[in-house]
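Order of the sequence lines sets the chain letters (A, B, ...), proteins ahead of strands, with each chain counted from 1.
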Protein chains: 2
Amino acid sequence: MPGRELLTAPVEDYLKAIYTIGKGTGAAATNEIAQRLALAPASVSGMVRRLADQGLLAYERYHGVKLTESGRRAALRTLRRHRVIEAYLAEALGYPWDRVHEEAERLEHAASDELVDRMAATIGEPEVDPHGAPIPTKDGSVDETVYTSLADLIVGASGVVVRVAGEDPEMLRYLGELSILPGKRITVKSRAPYDGPITLGSGRHEMSIGPALAAHVLVAPLADRAGKHG
Amino acid sequence: MPGRELLTAPVEDYLKAIYTIGKGTGAAATNEIAQRLALAPASVSGMVRRLADQGLLAYERYHGVKLTESGRRAALRTLRRHRVIEAYLAEALGYPWDRVHEEAERLEHAASDELVDRMAATIGEPEVDPHGAPIPTKDGSVDETVYTSLADLIVGASGVVVRVAGEDPEMLRYLGELSILPGKRITVKSRAPYDGPITLGSGRHEMSIGPALAAHVLVAPLADRAGKHG
DNA sequence: GGACAAAGTTAGGACATACTAACTTCTTTC
DNA sequence: GAAAGAAGTTAGTATGTCCTAACTTTGTCC
């Protein structure tokens with residue numbers, strides 16, 4: 001367990017949050033960390049100082065925080081644990097995709113690297129979790145491709161859903177019912193003005209979703225066929 | 001998660017320890033709890049008072065502690081989690097029996113009851129863990145059969161190993177090498193005097209083990225054939 | 001360029017759990 | 001039944017994490 005057990009659960013959560021906010025390299029603001037972890041900003045100030053003392057963060061008072069290389073590695077280890085566990089719960093134990101997150105959130109702090117590696121091996125070394133998020137490799141690299149949100153697709157554009165960002169179970173269940181899932185192909189049929197609902201085609205179905213929801217659906221665009229017809 | 005998340009990991013560990021020491025109904029002494037959890041006795045005094053305040057223990061100063069019904073139920077839930085996880089790690093993930101304990105020790109505090117139930121279902125509702133210890137059922141009952149220790153078997157007696165008590169990995173590996181495992185049949189061939197080594201037959205093999213080790217091997221005695229021959 | 005809002009920090013305290021050192025109670029033995 | 005040793009407790013302290021309340025810094029807008 002290299003570098004394990006030395007980090008407490010709260011510390012791992014901070015690092016994960018900072019990584020996610022800063023998407024790899026970027027910085028994170030105190031308030032944003034606080035909000036993501038549902039803590040008071042004052043608590044974050046305190047913790048962030050300690051993490052900086054441990055060399056996990058670069059911290060400048062009043063100017064937010066950045067992961068150091070060591071902090072980034074720790075964050076990615078936790079993220080790997082989280083996502084492998086999610087994938088394993090879904091694959092091997094039949095968990096529905098809207099409930100893997102909560103369970104993984106606790107297990108990620110208790111599972112050894114060996115367990116996580118065995119899980120990954122057992123389900124065939126998955127590259128993404130059930131929401132389509134990429135799983136960091138053991139040596140600390142991740143696919144950092146930035147995908148387009150469904151909310152940004154123009155009318156007529158098609159794409160394959162690669163990922164659903166966010167873990168609110170209700171949202172996930174709803175998207176699941178609509179069959180908006182990683183791997184599904186969708187086409188934007190129309191968009192109402194003033195940020196109104198977006199009408200989609202997927203397979204034989206047609207459906208309408210709001211822009212807030214659409215923003216969570218990340219797609220890999222396909223060749224745009226709209227041009228051919230108009 | 002009925003009754004979950006309310007108990008911290010240390011609390012669950014205390015209850016489990018007290019249950020194991022008191023084997024169900026019995027009481028536990030402060031020092032014994034301290035030793036089992038590798039804590040100072042003073043720490044136990046403090047915690048035990050708090051657990052009594054929460055109604056999990058009956059506590060009389062200077063006279064040890066007893067689980068209440070509610071404490072016993074909590075202890076058994078944790079024990080179930082622990083043993084199901086051990087069984088699952090061995091069955092589904094190929095963990096060797098000498099390492100399941102350590103991993104389960106951490107996971108048992110993080111796993112939800114649902115996860116544990118899914119694990120149990122996936123491997124066919126096991127009744128014992130990889131060491132042969134009985135798994136409490138969901139409704140809180142356990143097999144409390146008391147088995148004979150191999151150290152107590154007389155020369156000529158035969159039995160089936162039902163359980164190996166204790167989790168020291170080195171001991172488990174050693175017993176594994178000797179093939180002294182749950183389900184194996186053994187016969188006591190001879191015993192050296194003054195608590196000396198015990199010679200066993202198991203299958204075609206013959207081997208000798210010390211009494212301290214033999215005390216950890218619990219057997220279900222079979223009809224004694226020694227009488228027939230002498 | 002100063003005032004105000006937003007963002008961030010410090011101070012002081014709470015809680016759970018652990019520790020060591022010093023004290024008390026229980027048990028056993030003569 | 002008293003002394004010695006074992007067992008157990010209290011007192012005081014430490015650590016990690018959190019909180020609220022009050023303060024400071026930063027950034028923006030006229």
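Shown for residues 46-61 of chain A: residues whose heavy atoms fall under 4.0 angstrom of DNA chain D, namely A/M47, A/R50. Listed by residue number, the members of residues 31-40 of chain A with any heavy atom below 4.0 angstrom from DNA chain C are A/N31.
With rounding to the nearest 0.5 Å, the separation of CG in B/L175 from NE2 in B/H216 is 9.5 Å.
Between the side chain of A/S149 and the backbone N or O of A/L218, no donor-acceptor pair lies under 3.5 Å. Formation of a donor-acceptor pair under 3.5 Å by the B/T30 side chain with backbone atoms of B/P41 is not found in this model.
By the side-chain contact (heavy atoms from CB on, under 4.5 Å) test, B/D98 pairs with B/P96, B/P169, B/L172, B/R173, sequence neighbours left out. Every residue two or more places apart in sequence or in another chain that forms a side-chain contact (heavy atoms from CB on, under 4.5 Å) with B/E91 is listed here: B/I123. Under the side-chain contact (heavy atoms from CB on, under 4.5 Å) criterion, A/P211 pairs with A/D195, sequence neighbours left out.
Residues B/H101 and B/H131 place their aromatic rings such that the two centres sit no closer than 6.0 Å.
Counting non-hydrogen atoms of neighbouring residues, nucleotides and ligands closer than 6.0 angstrom, the CD atom of B/E170 reaches no more than 12 such neighbours.
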Practice task
Please step through salt bridge (Lys or Arg N to Asp or Glu O under 4.0 Å) for the pair A/R83 and A/E127, ending with a clear verdict.
Solution key: CA-CA 9 Å; A/R83 291 181 179 163; A/E127 293 185 353; over 6 Å; no
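On the nucleic acid side, DNA chain D has its first and last nucleotide under 4.0 Å of a heavy atom of chain B at D/dA7 to D/dT10, going 5' to 3'.
Within the 4.0 angstrom heavy-atom criterion, base atoms lie near B/S45. Base engagement by B/S43 is indicated by at least one non-hydrogen atom pair under 4.0 Å involving a base atom.
A/V164 has its side chain within reach of A/W97: a pair of non-hydrogen atoms, C-beta onward, lies under 4.5 Å apart.
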